[in-house]
Structures are given as structure tokens and as C-alpha cells.
Protein chains: 4
Amino acid sequence: MADLMRPAPAPVGVGPGPDQQLRRDAGPQTDRGHARKAELLDAARRVFERQGFLDARVADIAEEAGVSQGTFYTYFDSKEAIFRAVATELRDRMIEALKPHGPRPATVHEQVDQAMRRFVAAYRAEARLIVVVAQLGQSTPEIAELRLAVREAFVARTARGIRVQQAQGLVDPGLDPWLASEVLGSMVDATCWVWLNLGKDFDEEALLSTLTQVWTRALHLQEPR
Amino acid sequence: MADLMRPAPAPVGVGPGPDQQLRRDAGPQTDRGHARKAELLDAARRVFERQGFLDARVADIAEEAGVSQGTFYTYFDSKEAIFRAVATELRDRMIEALKPHGPRPATVHEQVDQAMRRFVAAYRAEARLIVVVAQLGQSTPEIAELRLAVREAFVARTARGIRVQQAQGLVDPGLDPWLASEVLGSMVDATCWVWLNLGKDFDEEALLSTLTQVWTRALHLQEPR
Amino acid sequence: MADLMRPAPAPVGVGPGPDQQLRRDAGPQTDRGHARKAELLDAARRVFERQGFLDARVADIAEEAGVSQGTFYTYFDSKEAIFRAVATELRDRMIEALKPHGPRPATVHEQVDQAMRRFVAAYRAEARLIVVVAQLGQSTPEIAELRLAVREAFVARTARGIRVQQAQGLVDPGLDPWLASEVLGSMVDATCWVWLNLGKDFDEEALLSTLTQVWTRALHLQEPR
Amino acid sequence: MADLMRPAPAPVGVGPGPDQQLRRDAGPQTDRGHARKAELLDAARRVFERQGFLDARVADIAEEAGVSQGTFYTYFDSKEAIFRAVATELRDRMIEALKPHGPRPATVHEQVDQAMRRFVAAYRAEARLIVVVAQLGQSTPEIAELRLAVREAFVARTARGIRVQQAQGLVDPGLDPWLASEVLGSMVDATCWVWLNLGKDFDEEALLSTLTQVWTRALHLQEPR
DNA sequence: GATGAATGAGTATTCATTCAT
DNA sequence: GATGAATGAATACTCATTCAT
């Protein structure tokens, strides 16, 4: 468990020289610079997925990107900064992937089923990175917020849907739409966690079917006449 | 060169490893020793709750227990070892707290409600430590298993309950009891996480009510006639 | 329990080991780097001569070289590694110094006398370091082999010489050249040890004369007619 | 090479309580006490032979003797103190073993041969401990002296012998008896080292024969007419 | 006398970050 | 902009020795 030994934190009170800081703030000036920054970001994602945050060294990222360690600091303030950038990209990809696309299914049951499949697909694609973000989120509020943002996006859409369905008389009006969506969102999220990160062996179709059943029954969701 | 010419035969000085190990394995021999070990365990729990695993230094634990660092190693192999002990105690407390006790409620609705309240109470009492264990579990399989054990205890009890209720005709026989309990367990668990660890502000009674509603509706749980 | 229920899949955060290793293995890339490495090696030799291996701290070596402790690890894996480098250099210097150079003396007696003086001079120049290497060699086979290499070089050369002299009829053919050279090598070696390391007070010329006498008589070494 | 990491030295300026010190100075008061001390000494010898000085822990010695660590300090001041006692015993055993015993052989050649065999036998019996004493002697003058004492005993006897033989006309009068015995003593000593400690594979009889030959020829040792 | 327990000084090594070319 | 090198803070663990029962 030596890995868990924390490396020396950044010396406190020793700011960067004005030069490099300025360059970083200004952002890349050339196309080549932009490309370098993107390469570093990509390399960082791969390294974080592979090694987690604590065991990822700046040297690893630089090597993965094929540049020197010094060059890393031309583009990013710190290891945390590049991790934030990686996590932000993850958030955006997740939110995008959770949006409904394609034609709306005919039945509400199918709508729920599709939303479920979208979530699972999105989760599965990013499972490794989700673990790492979660791990760091425990102790870094800023990262925790990125993680929550994905949840919010999903929960808020669900809550809106429930409200609409209540107005249409498809869903039990006795439920608080917000609380219900929070609770059901937790269910889907945590189930994926156990399944895709923890490696508990579920049959995919059976699991999806159970999730969808629980969801629709919990809402007393009716097909419109 | 005299000795340049005199390498060792079978290298002398390659002896057995640590010997404090022996004493540690043997365990305390006196009452005083047992008391010290318990004090250290308690101190460690407080320190881990306060500072997390990585930021907790062995020196902090020793100081919190009012002993020297050397004494720490009289009773525990390492920081990781005492953490395992703390996490094991947590697991046992949690499993105990989740067991039903007191008279069985008259209605199934009340049974579910009580189970929910038990879970929330148990979670709340240990929320700080749960975070820390979770964080370390990401990278330490042994700790991960301790976490899993609590989940399994809860899910298995739930699954048994559902099976019984199905036999009594109280619950929709079309549900897989195991999958349903996994999914509902995830729901309760993750909801507590968002609420008690991430600090999302829920009204307790409203939340409990929603959880209970979703649970009973998902199962089509009927009061027995 | 939320996370108590979420053990990691394939534990995240178990990455590859040290990465400074890479730089160290690659060796210095610039002239400045090469110079630094040489300075450290020199500083280490001085510190080891002064303090021995156990009492030499990495901090001492870094300070002697005028660099930070971190810089030490830019060039060497460990205290042991730099010691191996120092001992290897010692071996090479010794082997070089023991080689005959200059014109071959006219008489065999003078040849033996010169070999003896070469050995003593080489030993005296490195006496301090020889002690330290010997001490560590007791428990470190790799170091022991470095010591052996010097002995072998000397003994092998002696054995060859004896064989040649036997062929020329200068030396008693009844002696085993290899055993004789081992035994005589031990004699010269251990005598220097007692004299130059243990501090026994011998008169140099008398000692050299005795060594040479014993050597030539033992071999029944004759001047060629 | 972690074994080479030096343990914490004894705290400076913290003397023992007067009580224990007094008891130690007084020596054992009872037969049982004397037996305990002897057991500890024996246990220490075994442990030092097995593990060397640095890797031998006081706890190991106490355990080998079947007493508690505290009891160790009832009889010995320190780890070094008991090592000195062990080394002193070794010295006495060696000196005793080197003394000629039994009838004096008829020929001087046989005399030399027997002395050689005595030395080898004595050395072989104590080879392990000799290594450890040598190792510590590098840095501890008091131990070095114990080691030298054995050498002196052997060398002095040899020198006396040479002087006698010179008076009898058996040995070349041109040799300095003292220097010659030093040099020849080094030869025998170092040869045993290489053979019995370093593990170099010599044929015993061939080696003894070579040693004896070199010895007698070096002295021009004649059989008396 | 015997015991179990308590003490605490001492040190190698990593890695994020800065800086001189 | 890019590079290689320099920096230095931070921390777990052992074991000889003492001491209260």
C-alpha cells in the first residue's frame, strides 16, 4: 500500500515565476501550441484512467504526450488543473450522451427503457474515469461539483419529465417530482457503479428490465389511452 | 586490498525480518496492553474521521492516544493495518445496526418505513468514516471487501423479505427478488450518500416518505387482508 | 454506506513504480548533467572514506557535492547504488595500478621487489576505501565480487609468472603455481591490511625486504645464469 | 540492502537507572543467576553467528535464551557488551586451540605441518564467528584488539620458534624472526579466510602441503642432522 | 529477579514545480 | 516555446534501552 503514501505537496508560498504564469494565462498563441495542449489533455486522460490521480505523475503525462516535463507547465498550472480539465470534458461528454436523440419512442415504457439504456451506455464508456473522479471528489469540492453536475443534469431532466407526465395524468400526482427523480437517479447511478465498476456480475437485459420495472411501477406510470 | 580479497562466504548479517512483528502477532499479554490497544484503535478512528486516511499521520494517532510513536508499533503493523481494524469494526457496527430489533410493526408499510429509518440512522452515525473507507476502497481490495460485506448483508436480507412476501402474495411475483433488492439497495444507499455526505439539502421526513413510497410501489407491496 | 457499497472494479491507482528511474537509467543528457554525476561520485568517495558506509547519509553526499538531496536521486538510485559505483571505480583503479609498467627490471629479484612495491603503493593509496568496501562486502555479495576481482587479477598474474619461471627452470617445478600464488597473494594482501589498516608499526623497507625474501625463497627463485 | 540501515543508536545522555546498573555491576548473586547469564551468552553466540551483529536484535537473543528482553539487561549492559563477551570467549578458545598439545613431532617439517593443521582446525570451528568479529572490528577498536590478540599469540609463538631454530642453525639467520612470523602468519590467516569464509574451493591436503612448503622454504628450514 | 510495555531518535526517497539555457 | 536539471518538504518504521509492577 506504499502507493498511498502521499507525495510532497507543492511548496507553499512559492509562486511561479511571472513569465511562465503569464504564458499559461494567455493560452497557446499558435496552432502548434493548441495542438500540444490538446495532446497533453488526451495523454492526461489516458494516464488518469490507467493509474488514478495519486499514482499519475506529471512525468507520466509528459512522457505519454511525448514532451518534456517542463513543457507541461507551459500549458497547465498544475496536476490538479489538468485533472479539472479532464473532468470537465468528462462532464460535458456525459451530459451530451444523456440527452435524448433520435425519434421519441411511441410508448412511455419505451421512453423509460431508452433513457435507461442511454445512461448505461454513457456510464460504461467512461467507467474508468468516473472512478477516478469519484475518488478525488471525496476530498476536492471542485471536483465533487463536476461529478454532481452530471447527476443534476440527469435528475433535472427526469423531474421535468415526471412533472409533465403528472400533468398528463400518466403519473401518480402524490409523488414529489424532484424527490422521486433524485431517488430514482441514485438508483440507476449506484446500480451502474456496482455493476460496471465493482464488477458484480449482472445479466444486462435482466438488470435493465428490473430497473425499468421498478422505475415505472414506482411512478405508477401508465401508458396514455 | 586485504579485505578487497575477502568477500563473505554465506553473507553474514542477512537475518530474519522485523521482530516487533512477533509481539504484535502475539497480541497484548496484560490488561494494560489490551487497554492501550483499544485506546489506539479509538484514537485512530477519531483521527481518520477528522483527517481522512492520507492526511492522517501515525504521529497524529499516537498523539491522539497519548502515547509515543513507538508504542503504536507495539500494537499495530502499520497505518494500513490499524485502518483495516477500524474499518472492520465499522462493518460490524453497521451490520449489527441494520438488523431489525424491537417488535415487528403491524403493517408491511411500517416495516419498510422502519427498515428505511434504521438504514438512515446507521448511515448517519458513521457517515464520516464511510467516506474515508470508500475513498481507500477504490485502491485497496481488502477494504473494498469490507464495504461490500455491509451491502451484501443489507441486500440479502431484503431479498429474503421479498421472497417471503411473494410467497404470501403480498408482492408482485413477476420481479426477480435478488435483482430487485440490489436495485433498491443501491437506491437507498446512494440517496444517503448524496444527502449525508455530499450535503444535498433534503427534508428528512419527505425523503424517507419518498423512499418508502418508491420501494412499496416498485414491489406492488400490498397490506395483507 | 453509499460508498461502503461501492468497492473498486480493478483497483484504480495501482500504477507503475518510480519514474525518476527512467531518467536515471537514461543517464545524463547534457554536459552539465555528466559533470554533476561525476561530482556526486567524487563527493561520495570522499564521504565514504571519511565516514564509512553506514554513517554516511545521503544528505552528507549531497552536501559534499553542493547539491540538494533531490538532485542526488536524479543520478543515482540509492545510497547502495552510488556505493557500488564508487567500489567499481576503486576496482578499476586497483587493477590498473597493479599492472607492470615501465621497463622490466634486469633481475628476477628486482622484478619481485617492484611487484611488491606496486602492490603496497596501490594499497596505501586506497587504504581507507578498501576498509569500507571490505566491511560492506561481508553482507553484500555484489560488493564482495568487486573485491574478489582485484584479488583474482593479482593472483592470476602471479600464477602466470610462476608458470613461466618454472618453464625457464627458475622456479621449483614441485610447486603448484596456482596454489602458490593464492597463498603468496594472501600473504602480501594480509600484511598490508595489518600494516596500513590496523596500524601495526612496521618499517617499510624492512617489511618489503622480508616479503620479497619470503617470496623468492618460497619459490626457490633463481637468477638466470 | 535495507538490512544495512542502521537502527537508532542508544539515546545519548540517558543513563540507566541506578538500580539495574548496580545489579549488573554486582554480577549474579545466585547459582540460577549465573546459569541465566551463561545461557544468554550462549544464545548470543548462536544469534551472532546466524545473523551477524547488526541484524541481531536484543529481542532475538532474549528469545533464543528463553527470557524476556528486560531480563537481558539484568545481566548485560548493552548489545555491544554481550558481543564483547562473546568475542572474548572466542579469543580464549582460539588461543587455547592453537597451543601445541600432545607429543612434539620428531621432524621440524612435521612440527610445521602440525601447527598448520591446528590453525586450520581452530579457524574452521569458529569461521562464522570470526567473520562477525572481523566485520565489527572494522569500526570498533576494542573488538579489533580482541582479533589482533589471537594473531599476536600465533605470531609470537612462531617468532619464538624461529629464533630457537636460528640458534640451532636450522633456519636462515638472515631473516628477522619477528617480521618473518608476521608475514607468514598473515599468509596462513588470509588463506583460511579465502578458503573457509569466502568459500573458494581448495583441496585441503594440497593447500596444507603448499602452505607448509612455502613456510619451510621461506625459512630455509633444515632437518637437524 | 523477571516481565511486558513504553520510549523516541534517526533517514532514505518521491515528485510537483520552477528555472536557466 | 522547449528542454533537462534542480529543488526540498514530508513521513513511516525499527530497535536498544529503561522502568513500573
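In this text, all values refer to a predicted model and were calculated from it rather than measured experimentally. Letters A, B, ... are given to chains in the order of the sequence lines, protein chains preceding strands, and every chain is numbered from 1.
With dG8(F), dA6(E), dA5(F) as the candidates, the nucleotide lying closest to the side chain of S68(C) is dG8(F). The side chain of V58(A) lies closest to dT17(E), out of dA6(F), dT17(E), dT7(E). Nearest nucleotide to the V67(B) side chain, out of dT7(E), dG4(F), dA16(F): dT7(E). The R57(A) side chain lies nearest to dC15(E) when the options are dA6(F), dC15(E), dA12(F).
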Return a table of donor-acceptor pairs under 3.5 angstrom between the side chains of residues 34-41 of chain A and protein atoms on other chains or two or more places apart.
none

>> Taking Watson-Crick (N1-N3 plus N6-O4 or O6-N4) and G-U wobble (N1-O2, O6-N3), each under 3.5 Å, can you produce the dot-bracket string of DNA chain E? Use [ ] for crossing pairs and | for inter-strand ones.
In response: .||||||||||||||||||||

> Which is it for V67(A) and T74(A) under the side-chain contact (heavy atoms from CB on, under 4.5 Å) test, yes or no, and what are the steps along the way?
Replying inline: CA-CA 11 Å; V67(A) 301; T74(A) 302; over 6 Å; no

>> Between F72(A) and I82(A), does the side-chain contact (heavy atoms from CB on, under 4.5 Å) criterion hold? Intermediate values first, please.
In response: CA-CA 10 Å; F72(A) 175 93; I82(A) 202 173; 3.7 Å; yes

>> Applying side-chain contact (heavy atoms from CB on, under 4.5 Å) to F53(A) and V133(A), what does each step give before you reach the verdict?
In response: CA-CA 8 Å; F53(A) 180 79; V133(A) 171; over 6 Å; no

>> Set out, in order, the CA-CA distance, both residues' side-chain angles and the distance that settles side-chain contact (heavy atoms from CB on, under 4.5 Å) for V58(C) and Y73(C), then state yes or no.
In response: CA-CA 9 Å; V58(C) 171; Y73(C) 287 94; 3.7 Å; yes

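Q69(D) has its CD atom 12 Å from the C1' atom of dT7(E), to the nearest Å. The CD1 atom of I82(D) sits 14 Å away from the C1' atom of dT17(F) (whole-angstrom rounding). One can place CD of E63(A) at 15 Å from C1' of dT3(F), the figure rounded to the nearest angstrom. Protein atom CG of L54(C) is 14 Å distant from nucleotide atom C1' of dA12(E), rounded to whole Å. Taking atom CG of residue D77(A) and atom P of nucleotide dT18(E), one finds them 9 Å apart after rounding to whole Å. As a whole-Å value, the separation of Y75(B) OH from dC13(F) P is 18 Å. As rounded to whole Å, 17 Å separates atom P of dC15(F) from atom CD of E80(D). In this structure, the NZ atom of K79(D) is 17 Å from the C1' atom of dT18(F), given to the nearest Å.
For the OP1/OP2 pair of dT14(E) and a distance below 4.0 Å, the side-chain nitrogens and oxygens of R24(C) include at least one atom meeting the criterion. Residue Y73(C) has a polar side-chain atom (N or O) positioned under 4.0 Å from OP1 or OP2 of dT13(E). Regarding contacts with the backbone of dT3(E), a side-chain N or O of T71(D) is found under 4.0 angstrom from either OP1 or OP2.
Non-hydrogen atoms lying under 4.0 Å from DNA chain F are contributed by P28(C), Q29(C), T30(C), R32(C), G33(C), R36(C), all within residues 25-41 of chain C.
Residues passing the salt bridge (Lys or Arg N to Asp or Glu O under 4.0 Å) test with E142(D), sequence neighbours excluded: R84(D). Checked against salt bridge (Lys or Arg N to Asp or Glu O under 4.0 Å), E49(C) has the following partners two or more places apart in sequence or in another chain: R45(C).
Within 6.0 Å of CD in E64(C) there are more than 12 heavy atoms belonging to other residues, nucleotides or ligands. Counting non-hydrogen atoms of other residues, nucleotides and ligands closer than 6.0 Å to CG of D31(A) gives a total of 12 or fewer.
Here salt bridge (Lys or Arg N to Asp or Glu O under 4.0 Å) pairs that include residues 65-77 of chain B, with residues two or more places apart or in two chains, are R24(B)-D77(B).
Among the heavy atoms of the strands, none lies under 4.0 Å from A62(C). Within 4.0 Å of F76(A), counting heavy atoms only, lies no atom of the nucleic acid at all.
Taking atom C1' in both dG1(E) and dT21(F), the straight-line distance is 13 Å, to the nearest Å.
Between F72(B) and F72(C), the residue anchored closer to the 5' end of DNA chain F is F72(C), taking for each the nucleotide with the nearest heavy atom.
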